[in-house]
Asker: 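Sending over a structure as structure tokens; questions will come in a sec.
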2 protein chains.
Amino acid sequence: MSRPRPTIHDVAREAGASIATVSRALNGGVVSAAARDRIEAAVARLGYRRNDVARGLVTGRSGLVGVVLPDLIGPLYAHMARGIEDVLEEHGMHAMLVTDHLEPDAERRAIELLRARQVDGLVLIGSRLQPAELRAAAGSVPVAHVQRDGPDDDAPQVRLDDAAGVRAAVEHLAAAGHRRIAHLAGTRRDGIERREAFLAAMAAAGLEPGPIVAGGFTEEGGEAAAAVVLDDPDVSAVFCASDRMAVGLLHAAQRRGIAVPDDLSVVGFDDLTWARYLCPPLTTVRQPGREMGRAAARLVLDAPFEAAVPTLRIAPTLVVRASTAAPRFPDPAAPPRTRQAPAPEEVIAADRPASS
Amino acid sequence: MSRPRPTIHDVAREAGASIATVSRALNGGVVSAAARDRIEAAVARLGYRRNDVARGLVTGRSGLVGVVLPDLIGPLYAHMARGIEDVLEEHGMHAMLVTDHLEPDAERRAIELLRARQVDGLVLIGSRLQPAELRAAAGSVPVAHVQRDGPDDDAPQVRLDDAAGVRAAVEHLAAAGHRRIAHLAGTRRDGIERREAFLAAMAAAGLEPGPIVAGGFTEEGGEAAAAVVLDDPDVSAVFCASDRMAVGLLHAAQRRGIAVPDDLSVVGFDDLTWARYLCPPLTTVRQPGREMGRAAARLVLDAPFEAAVPTLRIAPTLVVRASTAAPRFPDPAAPPRTRQAPAPEEVIAADRPASS
DNA sequence: CCCCGGACTGGAAACGTTTACACCTCGTTG
DNA sequence: CAACGAGGTGTAAACGTTTCCAGTCCGGGG
């Protein structure tokens, strides 16, 4: 019943050829038509399938790109993984996904594990490793980063153009007539970059930044931070560094009887699957995870040929939904504005090119 | 700079031992303390890491369990994958995830691919393959299914106890005073099973089933099906076979000015991440994906030792939120009921044991 | 003093491929 | 007609491990 899998030797014997010829026939080498036919027949008869482990041992390659990512639950990372798979598939390769749950130690182990399996490349999502640690762990395997969390080195990486996204969000709020805009900030690297971009964008709009309160990227972080922000009666809009924080804020506002968007406008960041289902549907900066994954996969595959070490910046998009509107009591000093009545969903491209 | 990775031979030379001794030292065989020390020192000095590909070739095992799943975007499948990883990690093994996007052909290819990599087992999520096809594709590799979509054979599998979940949902609605309950049904196997369970539960509650309309498990399916259901003025509650359908229904209801839960109660199925964020927060049957993944991984690991071929039934949980309430105009024939005011979130365990 | 067995070690054979190299057989060209 | 090259084939050596088997070296019991 469950005989051992046939090997190339079995095929060779069955077809009356040598294993070298079989290997060539299977891999598109030069073989006479007659031999090729006999071999294909034998393969079919025996149900032979190549053993990629043995093949990997001799070729030194595995056809696998290792992907280390925080988790699979968040739709953003899942989309990135999907993008990576997209381009690997075009090259007849596959991804091996390992999660590190944001623990640097787990990240190191994951890289170790993948290297022991001879991956041909590594895509690291949100890596926290120091450049030296990374070099030690990855050795000579080509690496590409997505939204790297640790400090840069000369490894190629793709990042969201966070600044452009933040700018689009702030400009949207400013144009609606908001003057005092608060910010719920994240503490990881992209959170910090968004915070700086927020300050810059506010300055560019000629506005004093409102209160800025930092927290985790999570619902709880948003809810906790909300307390501070909602106590300031002059704040008419809040820009959150993540959708999850925005959810926390929305809940806190609801509990206090603060109406969104009438009393308070809220902008999120990420455009997670469910941002459109919130009440009200959330205006947010869409992070194109799948594109980012695609770009990273291309980077890692091109690594051996590419001389430059680019940082690819992917442009986000502002998705305007119903959580933003003109402030109820516009600043009397400001020119009067008409209430914006956005279409159910309106997409505004951020103002930066896709790569830089 | 980027020298070739050191092999066990290099370690042996460096430590003045044979490769056999090094291998034993590394794998916990009998080795003198002195040799072990020298070898460990050499390993550290050289930065040696075992090559799992070579190891896999000789041992015939890979330490990998292949997981074939529809996609990574849906949080449910991601949770299942997480559960699988949980138990594999306890065994020092890892998962290799491949997506098939519900295409049987891609599923076959995925299995093929994983087998070529010598996976030690296979977990198939929502497999649509016929038993014969599966046997052909998987050969002698142990298989466990989760929510198998194709017909059963003697392969071990874990399923949600769909019937218990449906019963809990229907009983909840009936207890609230609803008499005419519609059903938005799915067309895949679990959709069909939920549909039958719905009929059974309605019968058990002594109620005539309301309209049943089948569609995809998606938002669009829900929205399309909603049209039919909402035209029936006697329907005061709808039980949906998935949360995504419930979202579509919620939107359709909102567009028509039908208030949920006042005019219409809605129950979903799955408890996806964002079910609690909907307006109103959705009452739904929670599918414990992570548990199901855990159970499946255990099944596949135990396969070589297990004689029985169990179908594990995992109990779902009814999560009562704000999308269900007493009907506005209760059936005059029914005894009067007080309006249920559920706590913000109330969890009701379904009435079946976890396995059968 | 011999023998036995336990603790430890090394040589060598696998595992299933790819591929360098040598060879053989033609037909073609000089 | 000799030499050569192209096309096709097979032998054998890798790839980096694990593991079987045959040792070697001891100490202790007969």
Side-chain angles (χ1 to χ4, degrees), chain A residues 3-40 42-43 46-64 92 112-113 115-120 139-140, chain B residues 3-40 42-43 46-64 92 112-113 115-120 139-140:
Chain A
R3 277 197 306 271
R5 272 183 92 145
T7 74
I8 203 174
H9 288 94
D10 300 319
V11 176
R13 185 168 352 99
E14 182 85 6
S18 74
I19 60 165
T21 304
V22 174
S23 177
R24 274 186 294 257
L26 262 28
N27 295 303
V30 290
V31 185
S32 68
R36 167 160 278 127
D37 288 349
R38 288 199 322 269
I39 289 169
E40 278 169 4
V43 164
L46 265 42
Y48 167 80
R49 303 289 163 202
R50 178 175 73 198
N51 181 330
D52 281 344
V53 174
R55 165 182 242 231
L57 181 56
V58 37
T59 61
R61 284 168 303 102
S62 61
L64 249 35
E112 201 50 73
L113 164 80
R115 263 230 308 175
R117 299 225 125 87
Q118 292 192 158
V119 291
D120 301 335
S140 57
Chain B
R3 276 196 307 271
R5 271 183 93 145
T7 74
I8 203 174
H9 289 94
D10 301 318
V11 175
R13 187 169 349 99
E14 181 85 5
S18 74
I19 60 165
T21 304
V22 174
S23 177
R24 273 185 296 256
L26 263 27
N27 295 302
V30 290
V31 185
S32 68
R36 168 162 277 127
D37 289 348
R38 288 199 322 270
I39 289 168
E40 279 170 3
V43 163
L46 265 40
Y48 167 80
R49 303 289 163 202
R50 175 176 76 198
N51 181 329
D52 280 345
V53 174
R55 166 182 244 233
L57 181 57
V58 36
T59 61
R61 284 167 303 104
S62 61
L64 249 36
E112 202 47 75
L113 164 80
R115 267 235 300 179
R117 297 228 128 84
Q118 291 192 160
V119 291
D120 301 335
S140 57

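In what follows, every chain begins at residue 1, and chains take the letters A, B, ... in the order their sequences are listed.
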Asker: Rounded to the nearest 0.5 Å, how far does CZ of B/Arg115 lie from CG of A/Asn51?
Answerer: 10.5 Å
Asker: Using the C1' atoms of five pairs at each end, what's the angle between the two axes of the helix from C/dC1-D/dG30 to C/dG30-D/dC1, to 10 degrees?
Answerer: 70°
Asker: Nearest 0.5 Å, what's the CG-CG distance between B/Asp52 and A/Leu113?
Answerer: 7.0 Å
Asker: In Å and rounded to the nearest 0.5 Å, what is the OG to CZ distance from B/Ser18 to B/Arg13?
Answerer: 13.0 Å
Asker: Taking side chain to side chain contact (heavy atoms under 4.5 Å, CB included) as the definition, give me every residue that meets it alongside B/Leu46, ordered by chain and number, with sequence neighbours left out.
Answerer: B/Pro6, B/Asp10, B/Val11, B/Glu14
Asker: Check A/Leu57 against B/Ala54 and note the closest heavy-atom contact, atom names and distance.
Answerer: CD1-CB, 3.6 Å
Asker: Just wondering, do B/Asn27 and B/Arg50 contact through their side chains at under 4.5 Å, heavy atoms?
Answerer: yes
Asker: Scan residues 29-37 of chain A against DNA chain C and write down, sorted by residue number, each residue with any heavy atom closer than 4.0 Å; if none is found, say none.
Answerer: none
Asker: Can you check side chain to side chain contact (heavy atoms under 4.5 Å, CB included) on A/Leu26 and A/Tyr48, steps first, answer last?
Answerer: CA-CA 11 Å; A/Leu26 262 28; A/Tyr48 167 80; 3.5 Å; yes
Asker: Would you give the length of the straight line joining atom OG1 of B/Thr59 to atom CD of B/Gln118, rounded to the nearest 0.5 angstrom?
Answerer: 7.0 Å
Asker: Quick one: side chain to side chain contact (heavy atoms under 4.5 Å, CB included) partners of B/Ala15, sequence neighbours excluded?
Answerer: B/Arg38, B/Ile39, B/Ala42
Asker: I'd like a table of donor-acceptor pairs (distance under 3.5 Å, sequence neighbours excluded) in which one partner is a side-chain atom from residues 29-37 of chain B, with atom names and distances.
Answerer:
from	atom 1	to	atom 2	distance (Å)
B/Ser32	OG	B/Ala35	N	3.2
B/Arg36	NH2	B/Gly29	O	3.4

Asker: Output one letter per nucleotide in nucleotides 14-25 of chain D: B when a protein non-hydrogen atom lies under 4.0 Å from the base, S when only the sugar-phosphate is that close, - when neither is.
Answerer: -BBBBBB-----
